[in-house]
Amino acid sequence: MSVRSLESDLPICFSEVGIVTSGVAILDDISLTFSADAPTLLIGPNGSGKTTLLRAAMGLLPVSRGRITWGGREVSPPTRRAIMFQHPVMLRRSAAANIRYALAAAGVERAEREPRVVELLTLVGLEPLAHRPARRLSGGEQQRLSLARALARDPAVLFLDEPTASLDPAATKAIEDIVRAISARGIKVVMATHDLGEAKRLAGDIVLLHRGRIIESGPAERFFAAPAADDAKSFLAGELLI
Amino acid sequence: MPENASALHLVLTGDPALFAIVRLSLIVSISATFFAALIGVPLGSLIALTRFRGREPVIVVLNALMGLPPVVAGLAVYLMLSRSGPLGSWGLLFTPLAMVVAQTVLVTPIIAALTRQTIEDLWLEYRDELTAMNVGPLRRVRTLIWDARFSLLTALLAGFGRAAAEVGAIIIVGGNIQGFTRTMTTTIALETSKGNLPLAIGLGIVLITIVVLISALAWGARRAAERFSG
Ligand SMILES: Nc1ncnc2c1ncn2[C@@H]1O[C@H](COP(=O)(O)OP(=O)(O)O)[C@@H](O)[C@H]1O
Ligand SMILES: [Mg+2]
């Protein structure tokens, strides 16, 4: 039974964070702040370090240099954070049972679980598939179930790692609509994407990563209207960052 | 083929001597599988989920012990239980219980090694999600064992199949005493050498049937796994 922490995880601050894995620097000199407002979108080409940054912010990866703080604390169990991985893994049970499991793991009382399961499945439009084995769902349905499972933790911060990659436009729109809805509810969304259009549609703030470094970060409006860094300009112009 | 005919006759008419032997064999092998599971599943899970020095050699040895020759297992248990052995005073040698012990020794590594592999594979798959859900160690183990239940059942069936079919271990520690420690395999060995083929063949038929049944159950477990978990 986990006890809900009353302190907020926000803001999440990275100061001069470096992450080195097997001798390779994957993130270098990352300083940024995720605060409680509109979604922050992490953009950058494949391999630029988006996944690594999200995992570190979730508290799943130790940093090699610098430090990360959650609401000012250096150690914080992920009771009010949730993540939807780039390749979500469905537990071997029904869609509803996947959510029920997340609720139990989050310490939700048994009696409160069923109504929450229905509510979450409805939110992501999977009510009719509640009893389907989760691994039999389509890619888009699995993404939505994974989103519902993350929301079951009643997070203050939600990390989404390319939740719409490899989805068709309709499925992408379904996910983006849910993201907007949960953001409107006051949940901080930090989302990685390599789709510039998606970043434009959702972002309050933008962080552009390239080779493990921040090329540019700031309010989305300014970023898209007048990027400062040369690499940001060429990225926006649709050139390949290599 | 008068011998085959009388063998079938023994099976189909429910010959009491034959069925007493079949019954004892099943009791011994099922008990051994039960105790082996009791030790092997927790042991395998523990090795799968912990990191300690010398872990890899332990896994290599455990995998090797899956092929432990039954006569060696029998010999080891014999040395423990024989009058001059450390447990000699228990007086277990040449009893059904001694056979259960020997088959438990034989089957435990099979169940432990298969469990280790199964749980470790599933953990690799689930690790990120369970960690992100802040799932504690106890619930973690419960989840992995439950979600791997069909594969673990297959491991138990493999262990039982091995126990039911072996002759080397139980003949050494059981002594093949008529009406007391005779099992299907030891009786087949003895009766064949005495030339009493109908009983041997009858038991052979029963044994093959059991082996096929185990395989069918394992198949069923696979199908159930697919149906329930996709
Ligand atoms: N565990 C790891 N060991 C070694 N290299 C890694 C590891 N994880 C990621 N990398 C490397 O770090 C870089 C950034 O990876 P990642 O964070 O997944 O980028 P993105 O999500 O932007 O595609 C890639 O070059 C990747 O190969
Ligand atoms: Mg990634």
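Naming: A, B, ... by sequence-line order, numbering from 1 per chain.
Atom CE of A:Met58 and atom CG of B:Asp128 lie 10.5 Å apart (nearest 0.5 Å). In this structure, the separation between OG1 on B:Thr131 and CZ on A:Arg55 is 8.5 Å, given to the nearest 0.5 Å.
Looking at every heavy atom in both residues, B:Thr143 comes nearest to A:Arg93 through CG2-NH2, 3.7 Å. Nearest heavy atoms, B:Tyr126 versus A:Leu91: OH-CA, 3.4 Å. Here the closest heavy-atom approach between residue A:Arg153 and residue B:Asn134 is recorded as NH2-CB, 3.6 Å. Nearest heavy atoms, A:Arg136 versus B:Glu226: NH2-O, 2.6 Å.
No side-chain heavy atom of B:Met133 sits under 4.5 Å from any side-chain heavy atom of A:Leu103. You'll find the side chain of A:Met90 stays beyond 4.5 Å of the side chain of B:Glu129, heavy atoms only.
Judged by distance alone, with hydrogens and angles left aside, the side-chain atoms of A:Arg92 form no donor-acceptor pair with the main-chain N or O of B:Ala148 at under 3.5 Å.
Within 6.0 Å of CG on B:Leu138 lie no more than 12 heavy atoms contributed by other residues, nucleotides or ligands. Heavy-atom neighbours of B:Arg55 CZ from other residues, nucleotides or ligands within 6.0 Å: above the threshold of 12. Annotation for A:Arg180: atom CZ counts as buried by contact number, over 12 foreign heavy atoms lying within 6.0 Å. In B:Arg140, the CZ atom is crowded: over 12 heavy atoms of neighbouring residues, nucleotides or ligands sit closer than 6.0 Å. No more than 12 heavy atoms of other residues, nucleotides or ligands sit less than 6.0 Å from atom CZ of A:Arg211.
Of the atoms belonging to A:Arg149, it is side-chain heavy atoms, and not backbone ones, that fall under 4.5 Å from chain B. No part of A:Ala82 comes within reach of chain B, as not one of its non-hydrogen atoms sits under 4.5 angstrom from that chain.
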(message) What verdict does the side-chain contact (heavy atoms from CB on, under 4.5 Å) test give for A:Tyr101 and B:Arg139, after you've listed the backbone C-alpha separation in whole Å, the side-chain angles of each residue and the deciding distance to 0.1 Å?
(response) CA-CA 10 Å; A:Tyr101 184 90; B:Arg139 187 195 292 273; 3.8 Å; yes
